[in-house]
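Here's the structure we're looking at; comments come further down.
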Amino acid sequence: MKINKSACPYDCPDCCGLLITTENGRAIKVEGDPAHPFTRGTLCPKMAHYERTVHSPKRLLTPLKRMGAKGEGKFVSISWQEAVAEIASRWREIIDRYGAEAILPYSYAGTMGTIQYSAGHALFYALGASSLDRTICAPAKAEGYRSLMGGTLPTAPQEAQKSDYIILWSISMLATDIHFKHDVDIARKNGAKIVCVDTYETKTAQYADEFICVKPGSDGALALGMLHVLARENLADEDFIARYVQGWQELEAKVLPQYPPEKVAAITGLDAERIETFARAFAAAKAPFIRLGSGQSRYGNGAMTSRLITCLPAVVGAYAKDGGGLLTSSSGSHAFDKDIIRRPDMEKKDVRHINMIKLGDVLTDSSLQPPVKSLFVYSSNPACTAPDQNKVLAGLKREDLFTVVHERFMTDTALYADIVLPATTSLEHEDIYYSYGQYVIQRAKPVIPAVGESRSNWQVAQLLAEAMGLEDAFFQQSETELVEKFIASTDKAWPLPVDKDNLAQGEPVELPLPENYKLAFKTPSGKIEILNPALDMQLPDYLPPHLAEDKEEFILINSPDPRILDSSFNEREELTRGNIMVLMMNPADGQSRHILDGDTVIAENTQGQAEFTVKLSERVQAGTVVSEGIWWREHTAAGNTNLLTHQRTTDRADGSTFYDVRVNLRKKVQ
Ligand SMILES: Nc1nc2c(c(=O)[nH]1)N[C@H]1C(S)=C(S)[C@@H](COP(=O)(O)OP(=O)(O)OC[C@H]3O[C@@H](n4cnc5c(=O)[nH]c(N)nc54)[C@H](O)[C@@H]3O)O[C@H]1N2
Ligand SMILES: Nc1nc2c(c(=O)[nH]1)N[C@H]1C(S)=C(S)[C@@H](COP(=O)(O)OP(=O)(O)OC[C@H]3O[C@@H](n4cnc5c(=O)[nH]c(N)nc54)[C@H](O)[C@@H]3O)O[C@H]1N2
Ligand code: SF4
Ligand SMILES: [Mo]
């Protein structure tokens, strides 16, 4: 038996340190690393049995070739040599006939590892394939933050330990950022008040001392109402503003006449008084800390909403206070020079860019020139997780689309592949990790041999580069060589020296933060830019979400489930048992629509229909319904919430709008 360190590869802000016990080439136990400063020895329920994912009987073990119809799931095993030869010959034909832009890579964060996440970038750039804009998660949140704060480092999570007032704002902390609870608990022990702002009573809302339940997509108005109160009652920190903030006077002149609490009450569904007390408590706090999740950003107004919330800590001077600040996405990513793997210099000039959110349109639009004739999917499961699922599936069904899927499991997407390639898990390949919720980085070496004939993303990119005749020495590098380059790159990429020895050894390494980092505003003016002269809308203002225009009766909130992560972990029987397509509904809505607990309902809109079992619950506000989790089709009656979501994008940064959805409900006739 051996115990090795590793890092959690999933798309989760915690990026935990793991201890993996192995025996005879198998992982038999997975624990949280007590020495990891953020993990502190605990794990989420998903990863506490990662060995069940790694050694799942459902792992794909060899390359497969499709025999039956697309989606039917009939495949035969083939060798890697055959698989690669077939891909290369099909790609050559497509390039000859339509040009390389007819090939589209599609990938996201199945693994967050710096190498494996971006392993295909250079290959597809070198081929001249269409480039994918990876916008599915929260680019609008990043844009909103950046519009005031530029490249300023977000506040570290452990700072919250010293806060007396923590706002968990559209973050499902107990599902999606569970290790931050360690910090919040410390603050709470010292008397801090915990407030949760969400659209239904999540477990995190129940954990908080106060729950502020807003109408979906309305947080921007709430922030403006709070700013009105701060202005009207002279609660802004004028000294801080004079030194560090640009544009508060201009915004004050707007919010005073335009956003009185009464007006904001009508938009947010909150009482005017509640908005006032919230603003006053925030201003009275010695060190307010906001942990901003992504929920508010997945609407047509998502970038603007995030921008407005980002104004709040600036106006009360939270950054100057020990324990105060704002954490959106911490950019541990700045620790490495990611171009080492991404190689943007290899991208052909003026090559076509495709927004991943529009996959449904792109695969079904017959006027697209050149049409997409081959799709190469890795580290993602778009048939399950992309919006407007009916269109995505219609595209994936096209007989003339040559689809290759590199996967660990027979996902909803892999079912539509012509060729499936088996992928390694993080315990089988090498990588180096950074987090987007804290500042610890870690290298992870393989701790067991590859299961079956599986190969890592980088190994597949190397094979395909060779088969396509790409001779650049870049593709010859091993994963270990790449990791070493990343470690060396911290010298230039990070402002302070990083402990490279421990990093090389696979220990979790905390990035040292410059002493005054919270006040080092990396914007053109050197100040927080509430007024940003580079933007069309120089001052922020409320924008309505798309759903304001939609006609259906209920707003559909679709939110993370603690048992799975996006569609990952659907392979685990113990996590997907029971009734999972549950639709929570306010009892008063149930009563007026004659819908009872346990009824089967069809939710429908312009996009499609999905089937749910109703759970009446006071946790949900009237006029909204809530579904948690993105489930594989085999666990549902006929597909998941993405049958109902839209390809519409955010106001800026072309982000996804998964939560900006309305539906009608009807009882299923049994
Ligand atoms: N267990 C688990 N962990 C996960 C994931 C998962 O699916 N399951 N997904 C991972 C990924 S990819 C990501 S991006 C992160 C995301 O994690 P989070 O930052 O937590 O963001 P969201 O998943 O968007 O949703 C967070 C909360 O926002 C709420 N919300 C929705 N609309 C609004 C709104 O208009 N206003 C307010 N105030 N709240 C709103 C939702 O109800 C939800 O409770 O989590 C990661 N971690
Ligand atoms: N309705 C609705 N839809 C959503 C969301 C929502 O809240 N509601 N959230 C959205 C968000 S925030 C995100 S980020 C997206 C994420 O959507 P996806 O990018 O599709 O993420 P996952 O569903 O986790 O799928 C990742 C896949 O990668 C595979 N994988 C893991 N490691 C590796 C590897 O090393 N190599 C290869 N080749 N494959 C690997 C896994 O087996 C898994 O099937 O979903 C979005 N979709
Ligand atoms: S909390 Fe997140 S990072 Fe930590 S083990 Fe679970 S999924 Fe991985
Ligand atoms: Mo995400």
Side-chain angles (χ1 to χ4, degrees), residues 60 62-108 119-121 123-132 348 351-354 356 358-384 386 389 391-407 410-423 455 457 460-470:
L60 298 169
T62 66
L64 302 170
K65 187 180 161 100
R66 179 169 64 88
M67 299 304 285
K70 290 203 172 191
E72 196 185 336
K74 277 202 192 138
F75 294 93
V76 286
S77 281
I78 54 171
S79 68
W80 271 99
Q81 214 179 1
E82 287 169 282
V84 169
E86 165 117 13
I87 297 168
S89 90
R90 293 292 297 270
W91 281 358
R92 282 208 192 88
E93 275 168 36
I94 289 170
I95 293 169
D96 283 351
R97 186 144 170 224
Y98 300 95
E101 284 179 331
I103 300 173
L104 177 67
Y106 186 100
S107 72
Y108 203 64
H121 285 36
L123 166 70
F124 291 102
Y125 290 157
L127 289 176
S130 288
S131 283
L132 187 76
K348 304 244 181 325
V351 79
R352 171 168 75 183
H353 275 241
I354 285 179
M356 68 193 298
K358 306 277 186 185
L359 185 67
D361 279 349
V362 164
L363 294 183
T364 53
D365 177 359
S366 52
S367 66
L368 198 69
Q369 280 309 325
V372 173
K373 300 297 279 184
S374 178
L375 183 69
F376 184 90
V377 181
Y378 63 103
S379 300
S380 188
N381 182 15
C384 195
Q389 195 170 95
K391 269 216 177 143
V392 173
L393 295 180
L396 289 174
K397 269 193 199 121
R398 268 174 45 202
E399 271 306 320
D400 67 322
L401 179 72
F402 175 62
T403 302
V404 182
V405 177
H406 183 210
E407 247 303 341
M410 187 51 73
T411 57
D412 293 2
T413 310
L415 285 170
Y416 288 85
D418 295 280
I419 301 278
V420 180
L421 303 172
R455 299 196 191 209
N457 294 353
V460 169
Q462 288 180 306
L463 278 175
L464 292 172
E466 190 190 355
M468 294 304 288
L470 300 173

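Computation of the quantities below employed the complete heavy-atom set of this structure, encompassing side-chain atoms and omitting hydrogens, waters and symmetry-equivalent molecules. What you see is a predicted model; the values in this text were computed from it and never measured. All residue numbers in this chain count up from 1 along the given sequence.
The side chain to side chain donor-acceptor pair (under 3.5 Å) test applied to Glu72 returns Lys74, not counting sequence neighbours. Listed by chain and number, the residues in a side chain to side chain donor-acceptor pair (under 3.5 Å) with Gln462 amount to none (sequence neighbours excluded). With sequence neighbours left out, Arg66 forms a side chain to side chain contact (heavy atoms under 4.5 Å, CB included) with Lys70, Phe75, Glu399, Asp418. By the side chain to side chain contact (heavy atoms under 4.5 Å, CB included) test, Thr62 is found to be paired with Leu64, Ser77, Glu453, residues two or more places apart in sequence or in another chain being considered.
Although no hydrogens or angles enter the test, the distance criterion places a donor-acceptor pair under 3.5 Å between the side chain of Asn381 and the main chain of Thr413. Between the side chain of Lys397 and the main chain of Gly71, no donor-acceptor pair closer than 3.5 Å is present. A distance-only check finds a donor-acceptor pair linking the side chain of Arg398 to the backbone of Leu363 [under 3.5 Å]. Using modelled atom types, no side-chain atom of Arg352 and backbone atom of Ala129 make a donor-acceptor pair closer than 3.5 Å. Between the Gln389 side chain and the Ala383 main chain, a donor and an acceptor come within less than 3.5 Å of each other.
Counted within 6.0 Å of CD on Glu82, heavy atoms from surrounding residues, nucleotides or ligands total more than 12; the atom is thus considered enclosed.
Among residues at least two apart or in separate chains, side-chain hydrogen bond (donor to acceptor under 3.5 Å, both in side chains) pairs with a member in residues 360-377 are Trp91-Ser374, Asp361-Lys391, Asp361-Gln647, Asp365-Ser367, Lys373-Asp400. Applying the salt bridge (Lys or Arg N to Asp or Glu O under 4.0 Å) rule to pairs touching residues 91-103 yields nothing, sequence neighbours excluded.
In this structure, Tyr378 and Phe376 have tilted ring planes: the angle between them lies in the 30° to 60° band.
For the pair Ile419/Phe402, a side-chain contact is recorded, criterion being any heavy-atom separation below 4.5 Å from C-beta on. Between Met410 and Leu60 the shortest side-chain heavy-atom distance falls below 4.5 Å.
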